[in-house]
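Have a look at the structure below before the remarks.
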Amino acid sequence: MSVKPSLPKGTRDMLPETMLRREYILDILKKVFKKYGFAPIETPAMENVETLTGKYGEEGDKLIYKIRSNKSLRDKLSDKKKVALDEIYDFWLPQKSEMALRYDLTVPFARFVVQNQNDIHFPFKRYQIQPVWRADRPQKGRFREFYQCDADAVGSDSLLLELDFVRIYQEAFASLKVPVQIKINNRKVLAGIAETLGISDRLTDFTVALDKLDKVGLEGVKAELEKKGFDQKVQDGIGRIAGLKGSAKEILKAVEEMISGSETGKKGVEELRFVLENCDPEAPLAIDLTLARGLDYYTGAIFEVVAPDVNLGSVGGGGRYDDLTAIFGMKGLSGIGISFGLDRIYLVMEELGLFPDVEAEGTEVLFINFGDQEGLFSLKLANELRDLQVKAEVYPDSSKLRKQMDFANKKNIPYVVLIGSEEMKSGQFTVKHMHSGEQHSLSRIELLQHFTENASSDYGRH
RNA sequence: GUGGUUGUAGCUCAGUUGGUUAGAGCGCCUGAUUGUGGUUCAGGAGGUCGUGGGUUCGAGACCCAUCUUCCACCCCA
């Protein structure tokens, strides 16, 4: 009996063409990460649930994919009890959930740092490119399985790292030719504002509402605050922040005055000022006081990258977390990191037509298979070409010529070599150029020369 | 989690107010052409109409449930 093929909601297959494009993006990201001193690591797809829960805020926790244990509690009961239980419940699913799929790469990384602290050197800088899973409802640019490309540094609270990360964003997106805006804010500033308004205990509710400013407008934000029980004073405060205009310098000055009573807030303003003053003046970096970011663990700078030309969520995000490792028992270790959303970057690049031609990466020459002897003979010649870095393959079966030629066409292979019994005897092999239809009879040496000297430059012009 | 939307051949889609045997294009297979492809021509295979119920003499079409697709909200990469 056959099963209708289908995929779990929010997951996708990746075809070769897609993968080649994804690898194009990944190659650029890896190159940039390495250039700034980050080394690769990986962590398991699953973690113990306790590792993940409580780190992502209320909403985030709901989206963590729990893995049900195979061991059902029911199985541990005696038959008599099972019967009794089945009478009460139609179905039985209270398996203990011991593991969960990773929700992001940052929290597993914090766990990794603590657990492997004896084998790494601080400040530790790693990059990590792996899928993460979220039990979200899929929509445009949103999947249940998607790749994050993270770079993080732990073990230093130096603001030089903030500058590095801004530049990494700038450089990576410039290499990809994706126009972006990098938004920056600072949790300390948000905390300072909350402190000034006397609502420090409700920072998250406050920032979540503030974050929606550009979407629902000032009145919308005020309405949400009202609904959540914030008084008029808070709503007025938001109004003042929303009303701030001018250069980054002027905005910072105004905020500084507004929250002058908060030491934390002042520190945040200083940090923001440092980053803005010392980064590349050409960097597409802009201060955005409404930027909040939902993840609970951020404590300092926070970043978000958007592609203004495409109506999609953010393509990147990150920030500083002063004590994420503390929950795993290692205190006083500040970290900072950023993430690139591979799948969204792909969608943006696709929409903007930014992918280079990926065809040229395919096979350069296909050997037609005329039979067992001929196929084996061809394979040896193909191997000689492979040793010379020429992408070559032999059609594995001695199928009809039509089918083999068709295969070459479909895969966009520019050359085929035909070696039948005649050619084997004479040592003169037929090389055919598929686009022009031209064919020549070449000796082994001539053939090797042809593909090492001409083929790559030849290809692409037709 | 809330609201909407979608599902018919491998793919993209037609299918009238419910009415005989569900169609097209592309793709696939075979042949014209036993060792020369793209074009052309002739023929062929392929469908539990997402799934399960229901209404009806009769359902691809109507109703309910469920899964899936896409979109918006929430939130996020």
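These numbers come from a predicted model, not from an experiment. We use all heavy atoms of the structure for the numbers below, so side chains are in, but hydrogens, waters and symmetry mates are not. Lettering follows sequence order; numbering is per chain, from 1.
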Counting Watson-Crick and G-U wobble pairs whose two distances are both under 3.5 Å, find the runs of 3 or more in a row that involve RNA chain B. B:1-4 with B:70-73, B:10-13 with B:23-26, B:28-32 with B:40-44, B:50-54 with B:62-66

side-chain contact (heavy atoms from CB on, under 4.5 Å) assessment of A/Cys149 paired with A/Leu26: CA-CA 8 Å; A/Cys149 315; A/Leu26 290 174; 3.9 Å; yes

Which part of the nucleic acid, if any, lies within reach of A/Gly60 when heavy atoms closer than 4.0 Å are counted: base, sugar-phosphate only, or nothing? nothing

Is A/Gln139 close enough to B/A72 that one of its side-chain N or O atoms is under 4.0 Å from OP1 or OP2 there? yes

Return the value, rounded to whole Å, for the distance between atom CG of A/Leu105 and atom C1' of B/A77. 10 Å

Rounded to whole angstroms, how far apart are OH on A/Tyr415 and C1' on B/G37? 16 Å

Within residues 344-355 of chain A, those residues having any heavy atom closer than 4.0 Å to RNA chain B are A/Arg344

So how far is it from A/Lys188 NZ to A/Ile302 CD1, rounded to the nearest 0.5 Å? 11.0 Å

Using atom C1' of each nucleotide, how far apart are B/G31 and B/A22 to the nearest Å? 29 Å

Under 4.0 Å between any heavy atoms, over every strand shown, what does A/Ser398 touch: base, sugar-phosphate, or nothing? Just pick one. nothing

Here's one to test your reading of the geometry: is the NZ or CZ of A/Arg126 within 45 degrees of the ring axis of A/Phe109 and under 6.0 Å from its centre? yes

Taking any heavy-atom pair under 4.0 Å as a contact, classify A/Phe143: base, sugar-phosphate, or nothing. base

Would one find a side-chain N or O of A/Lys403 under 4.0 angstrom from OP1 or OP2 of B/C29? yes

Classify the side chain of A/Arg402 and the base of B/G35 as holding, or not holding, a donor-acceptor pair under 3.5 Å. no

Got a sec: does the CG of A/Asp372 have more than 12 other heavy atoms crowding it under 6.0 Å? no

Contact class for A/Gln148 vs. all strands (heavy atom < 4.0 Å): base, sugar-phosphate, or nothing? sugar-phosphate

Closest to the 5' end of RNA chain B, once A/Phe146 and A/Leu401 are matched to their nearest nucleotides, is A/Leu401

Taking only the C1' atom of each, what is the distance from B/G47 to B/C11 in whole angstrom? 14 Å

Would you name the heavy atoms of A/Asn185 and A/Thr290 that are closest together and state the gap between them? ND2-N, 4.3 Å

Under 4.0 Å: is that the gap between some side-chain N or O of A/Lys212 and OP1 or OP2 of B/C75? yes

What is the nucleic acid contact for A/Gly316, judged by heavy atoms within less than 4.0 Å: base, sugar-phosphate only, or nothing? sugar-phosphate

Nearest-Å distance, CD (A/Glu423) to C1' (B/U36)? 11 Å

Looking for any heavy atom pair under 4.0 Å, which part of the strands does A/Leu7 touch: base, sugar-phosphate only, or nothing? nothing

Could you tabulate the donor-acceptor pairs under 3.5 Å formed by side-chain atoms of residues 402-409 of chain A, not counting sequence neighbours?
{"unit_1": "A/Gln404", "atom_1": "OE1", "unit_2": "A/Asn369", "atom_2": "N", "d": "2.7"}
{"unit_1": "A/Gln404", "atom_1": "NE2", "unit_2": "A/Asn369", "atom_2": "O", "d": "2.8"}
{"unit_1": "A/Gln404", "atom_1": "NE2", "unit_2": "A/Ser399", "atom_2": "O", "d": "2.8"}
{"unit_1": "A/Asp406", "atom_1": "OD2", "unit_2": "A/Lys410", "atom_2": "NZ", "d": "3.3"}

Can you check whether A/Lys400 has a side-chain N or O nearer than 4.0 Å to OP1 or OP2 of B/G35? no

N/O (side chain, A/Lys140) to phosphate O (OP1/OP2, B/A77) under 4.0 Å: no

Residue whose closest nucleotide on RNA chain B lies nearer the 5' end, A/Asp211 versus A/Pro8: A/Pro8

Distance, rounded to the nearest Å, where A/Gln439 contributes CD and B/G37 contributes C1': 11 Å

Separation of B/G38 P from A/Ile368 CD1 (nearest whole Å): 13 Å

Under 4.0 angstrom, heavy atoms only, what part of the nucleic acid is A/Ser339 near: base, sugar-phosphate, or nothing? nothing

Integer angstrom distance from the P of B/U8 to that of B/U40: 28 Å

Between A/Glu17 and A/Arg21, does at least one N-O distance fall below 4.0 Å, as a salt bridge requires? yes

Selected nucleotide, minimal atom distance to A/Arg137 side chain, candidates B/G37, B/G1, B/G35: B/G1

Rounding to a whole Å, what distance do you find between A/Glu224:CD and B/C74:P? 8 Å

Rounded off to whole Å, could you give me the CZ-to-C1' distance for the A/Arg142 and B/C75 pair? 6 Å

Donor-acceptor pair under 3.5 Å, A/Lys9 side chain vs B/U68 base: no

Tell me whether the ring of A/Tyr147 lies stacked over the B/A77 base, given a 5.5 Å limit on centroids and a 30° limit on the plane angle. no

Please report the distance, rounded to the nearest Å, between CD1 in A/Ile302 and P in B/C76. 11 Å

Aromatic ring proximity, centroids under 6.0 angstrom, A/Tyr103 and A/Tyr65: no

Remember a base hit wins even if backbone is also touched, and classify A/Asp406 as base, sugar-phosphate or nothing at under 4.0 Å, heavy atoms. sugar-phosphate

Checking all strands, does A/Gly318 fall into the base, sugar-phosphate, or nothing category for heavy-atom contacts under 4.0 angstrom? nothing

Does the separation of the ring centres of A/Phe429 and A/Phe377 fall below 6.0 angstrom? yes

Please confirm whether the ring centroid of A/Tyr346 lies under 6.0 Å from the ring centroid of A/Phe355. yes

